[in-house]
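Everything quoted here is computed from the prediction, not taken from an experiment.
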Amino acid sequence: MSKYSREDVIRIVREQNIHFIRMQFTDIFGQLKNVTLPASQIEKAVDGEIMFDGSSIEGYTRIEESDQYLRPDLDTFVVIPWDQEAGISARMICDVYNPDGTPFGGDPRGVLHRVLREAADIGYTFNVGPECEFFLFKTDADGKPTVRTNDEVGYFDQGPLDTAALTRQKICMALEEMGFEIEASHHECAAGQHEIDFKYADALTAADDIMTFKLAVKTLAQKDGLHATFMPKPLFGVAGNGMHINMSLFRDGKNAFYDESDSRGLSTVAYQFIAGVLSHVPAICALTNPLVNSYKRLVPGYEAPCYVSWSTGNRSALIRVPAPRGSGTRLELRNPDPSCNPYLALAVCLAAGLDGIKRGLTPPAEITENIYELTPAERKAKHVGSLPDSLKAATDALRDDELICGVLGTHALLQYLIGKEEEWLAYCTRVSSWEVERYITNY
């Protein structure tokens with residue numbers, strides 16, 4: 001059942017004296033976009049009559065076919081708590097449509113819609129709980145970000161040592177005003193690193209919430225003179241930013257991953273879902289770990305996964321099954337990072353899991369040992385493969401994975417690969433400070 005009707009939104013805008021409406025959408029690489037309208041245009045907005053130039057958006061359309069339309073999801077209407085200095089603003093998250101009324105194939109939210117419909121057709125609802133980590137850095141005299149943290153504390157430390165605790169509290173309060181249910185917030189392992197966890201939701205809502213969360217964190221940190229970054233590995237020698245994705249399937253109101261008769265409390269569906277994700281994970285990495293920098297996080301020593309494996313409780317595994325059972329049974333995929341486009345990341349994870357169910361796949365044996373401490377020979381004997389070690393390796397795996405390519409569709413796949421190839425080439429040809437420091441004197 002919908003939360004808001006067309007008339008509800010128009011009434012709220014007028015009753016609450018809202019001045020501006022932000023029509024938000026996401027480009028193919030996960031960057032949030034928006035067009036801002038005066039409240040006088042609310043009828044056109046809710047009727048999907050707002051047009052924009054798609055040729056100016058990364059990965060969208062060519063200049064000769066640039067007109068596209070924004071159709072808002074009315075249930076995403078909410079007042080933006082921090083955006084009121086020049087008048088109260090509200091936002092709606094939009095799907096992108098072609099002029100002929102068909103969904104635009106390159107809209108990431110549309111990609112997720114398609115996979116969710118496939119799951120619904122066989123009776124499943126996909127629920128997701130993300131765990132988003134971020135760094136808070138000081139800014140310089142010009143307001144530009146540095147890599148200097150504003151604290152030197154660690155995991156679960158508190159104020160006064162955790163000097164950004166107040167900023168975290170402001171973020172939590174703003175998110176709660178927007179309807180988030182915040183479960184916990186805390187300092188993470190590295191100096192300047194933080195995590196805020198919010199309650200799981202259906203996958204589309206979760207992806208919307210991730211985009212809103214990142215905007216809130218960046219905006220409110222900036223108001224406190226700090227720079228927030230979701231870059232996967234901004235600092236050498238410390239833990240990077242992850243975005244563990246907790247996933248579960250529900251059917252007829254019950255958790256389809258739970259079976260009390262199983263020794264681990266897992267159903268056949270859960271095992272098949274695990275197997276599906278593991279079988280496609282090299283290609284999935286191109287979406288869940290989308291940056292050159294992402295692969296500098298996926299190295300031994302910082303609890304980030306490096307190997308294709310699963311386990312109950314073992315945090316060195318790629319897929320971990322946390323302790324709760326019953327309605328709380330879930331799978332935690334540990335490789336994603338918060339630089340990903342959440343719509344695409346969740347779409348490919350779900351599609352891979354459904355593929356495992358449809359094909360009746362069986363996962364490899366559970367790994368209970370610390371995988372980082374196994375020798376290469378021991379990993380080989382246990383059939384433990386490795387995740388891609390670079391963006392190039394991940395995009396090559398994506399090209400070779402027919403299922404994941406099909407999830408993205410022709411337009412999104414092509415534009416995504418073009419963008420990532422350009423990023424990889426730029427990285428390979430750029431002379432880094434490390435190279436200068438290492439070579440300029442000796443050679």
Enquirer: Under a 4.5 Å cut-off applied to non-hydrogen side-chain atoms, are Cys349 and Ile284 in contact?
Expert: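 With C-beta onward as the side chain, the pair touches.
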Enquirer: Going by heavy atoms in the side chains, are Asn289 and Arg297 under 4.5 Å from each other?
Expert: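 Result yes, sub-4.5 Å side-chain heavy-atom pair found.
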Enquirer: Answer whether the closest heavy-atom distance between the side chains of Phe77 and Lys3 falls below 4.5 Å.
Expert: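 Counting from C-beta outward, Phe77 and Lys3 never come under 4.5 Å.
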Enquirer: Which distance, rounded to the nearest 0.5 Å, do you find between the CG of Asp107 and the NE2 of His113?
Expert: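 Separation between the atoms: 7.5 Å.
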Enquirer: Would you compute the distance between atom CD1 of Ile367 and atom OG1 of Thr312 and round it to the nearest 0.5 angstrom?
Expert: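 Separation between the atoms: 11.5 Å.
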Enquirer: Would you mind reporting whether Ile12 and Tyr4 have side-chain heavy atoms less than 4.5 Å apart?
Expert: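 SC-SC contact between Tyr4 and Ile12 confirmed.
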Enquirer: How about CZ on Phe250, more than 12 heavy atoms from neighbouring residues, nucleotides or ligands closer than 6.0 Å, or not?
Expert: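 Atom CZ in Phe250 is packed in, count exceeds 12.
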Enquirer: OH/Tyr427 to CG/Leu291 distance, rounded to the nearest 0.5 angstrom?
Expert: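 It is 12.0 Å, given to the nearest 0.5 Å.
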Enquirer: Quick one: OG on Ser267 to CG on Leu249, what's the gap to the nearest 0.5 Å?
Expert: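 It comes to 8.5 Å.
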Enquirer: Tell me, yes or no, whether the heavy-atom count around Gln222 atom CD, taken from other residues, nucleotides or ligands under 6.0 Å, exceeds 12.
Expert: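 Not more than 12 within 6.0 Å, no.
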Enquirer: Is there a side-chain contact between Pro290 and Ser339 (heavy atoms, below 4.5 Å)?
Expert: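 The answer is yes, as the side chains (C-beta and beyond) meet within the 4.5 Å cut-off.
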Enquirer: Assess the residue pair Arg117 and Asp121 against the criterion (salt bridge (Lys or Arg N to Asp or Glu O under 4.0 Å)); give the C-alpha distance rounded to whole Å, side-chain angles, the decisive distance to 0.1 Å, and a yes or no.
Expert: CA-CA 6 Å; Arg117 284 195 296 269; Asp121 287 344; over 6 Å; no
Enquirer: Do you know which two heavy atoms are closest between Leu287 and Ala345, and how far apart they sit?
Expert: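 Looking at all heavy atoms of both residues, the shortest contact is O-CB, 4.3 Å.
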Enquirer: Determine the interplanar angle of the Phe135 and Phe137 rings, folded into 0 to 90°, and report it as parallel if under 30°, tilted if 30 to 60°, perpendicular if over 60°.
Expert: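 If you compare the ring of Phe135 with that of Phe137, the planes turn out parallel.
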Enquirer: Which atoms form the tightest heavy-atom contact between Asn241 and Thr229, and what is the distance?
Expert: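 Of all heavy-atom pairs spanning Asn241 and Thr229, the closest is ND2-O, 3.3 Å.
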Enquirer: Checking side-chain contact (heavy atoms from CB on, under 4.5 Å) between Val9 and each of Val46, Ile21, Asp75, which is the one that passes?
Expert: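 The residue from Val46, Ile21, Asp75 that satisfies side-chain contact (heavy atoms from CB on, under 4.5 Å) with Val9 turns out to be Val46.
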Enquirer: Please determine which of Met243, Glu195, Lys214, His194 meets the side-chain contact (heavy atoms from CB on, under 4.5 Å) test together with Cys132.
Expert: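 Testing each of Met243, Glu195, Lys214, His194 against Cys132, the sole residue satisfying side-chain contact (heavy atoms from CB on, under 4.5 Å) is Met243.
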Enquirer: In terms of ring plane angle, is the pair Phe230 and Phe134 parallel, tilted or perpendicular, where the classes change at 30° and 60°?
Expert: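 Correct class here is tilted.
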Enquirer: Nearest heavy-atom pair of Val79 and Pro81: which atoms, and what distance?
Expert: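 Taking Val79 first and Pro81 second, the nearest heavy atoms are O-CD, 3.3 Å.
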Enquirer: For the pair Phe198 and Phe213, name the ring-plane relationship: parallel under 30°, tilted 30 to 60°, perpendicular over 60°.
Expert: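 Tilted, since the angle between the ring planes falls between 30° and 60°.
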Enquirer: Kindly indicate whether the side chain of Tyr69, heavy atoms from C-beta on, has any atom under 4.5 Å from the side chain of Glu49.
Expert: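 A side-chain contact is absent here, since even the closest heavy-atom pair is not under 4.5 Å.
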Enquirer: What verdict does the side-chain contact (heavy atoms from CB on, under 4.5 Å) test give for Val35 and Phe25, after you've listed the backbone C-alpha separation in whole Å, the side-chain angles of each residue and the deciding distance to 0.1 Å?
Expert: CA-CA 9 Å; Val35 57; Phe25 62 104; 5.6 Å; no
Enquirer: So Asp8 and Arg11, salt bridge (Lys or Arg N to Asp or Glu O under 4.0 Å) or not? Walk me through it.
Expert: CA-CA 5 Å; Asp8 288 335; Arg11 174 181 51 79; 3.4 Å; yes
Enquirer: May I ask you to test the Ser390-Trp424 pair for a side-chain heavy-atom distance under 4.5 Å?
Expert: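 Touching, per the 4.5 Å side-chain cut-off.
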Enquirer: Nearest 0.5 Å, what's the CG-CG distance between Leu398 and Leu391?
Expert: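 Nearest 0.5 Å value for the CG-CG distance: 10.0 Å.
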Enquirer: For salt bridge (Lys or Arg N to Asp or Glu O under 4.0 Å), just list the numbers for Lys199 and Glu183, CA-CA rounded to whole Å, side-chain angles, deciding distance to a tenth of an Å, and then say yes or no.
Expert: CA-CA 6 Å; Lys199 188 178 179 179; Glu183 294 190 330; over 6 Å; no
Enquirer: Could you tell me whether Arg109 and Asp95 make a salt bridge, using a distance below 4.0 angstrom between a side-chain N and a carboxylate O?
Expert: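 Result for this pair is yes, salt bridge flagged.
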Enquirer: Report yes or no: is the cationic atom of Lys33 (NZ for Lys, CZ for Arg) under 6.0 Å from the centre of the six-membered ring of Phe52, at an angle within 45° of the ring normal?
Expert: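 No, Lys33 does not sit over the ring of Phe52.
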Enquirer: For the residue pair Lys420 and Tyr416, would you count it as a cation-pi contact if the rule is NZ or CZ under 6.0 angstrom from the ring centre and within 45 degrees of the ring axis?
Expert: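 Yes; both conditions hold, so Lys420 lies above the ring face of Tyr416.
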Enquirer: Are Tyr372 and Tyr307 close enough that some pair of their side-chain heavy atoms sits under 4.5 Å apart?
Expert: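 They are in side-chain contact.
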Enquirer: Which heavy-atom pair separates Val308 from Val384 by the least distance, and what is that distance?
Expert: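 Minimum heavy-atom contact is O-CG1, 3.9 Å.
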Enquirer: How many angstroms lie between atom CZ of Arg315 and atom CG of Asn370, to the nearest 0.5 angstrom?
Expert: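 Between atom CZ of Arg315 and atom CG of Asn370 there are 12.5 Å.
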Enquirer: Looking only at heavy atoms, what is the nearest atom pair of Asn255 and Ser248, with distance?
Expert: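 Asn255 and Ser248 have their closest heavy atoms at ND2-CB, 4.1 Å.
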Enquirer: For atom CD of Glu303, decide whether the heavy atoms of other residues, nucleotides or ligands shown that lie under 6.0 angstrom number more than 12.
Expert: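 Open.
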Enquirer: Should we say atom CD of Glu260 is surrounded by more than 12 heavy atoms from elsewhere, each under 6.0 Å from it?
Expert: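 12 or below, so no.
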Enquirer: For a quick test of reading the model, state the closest non-hydrogen atom pair linking Leu74 to Ser5 and the distance between them.
Expert: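 Reported closest heavy-atom pair: CD1-C, 3.7 Å.
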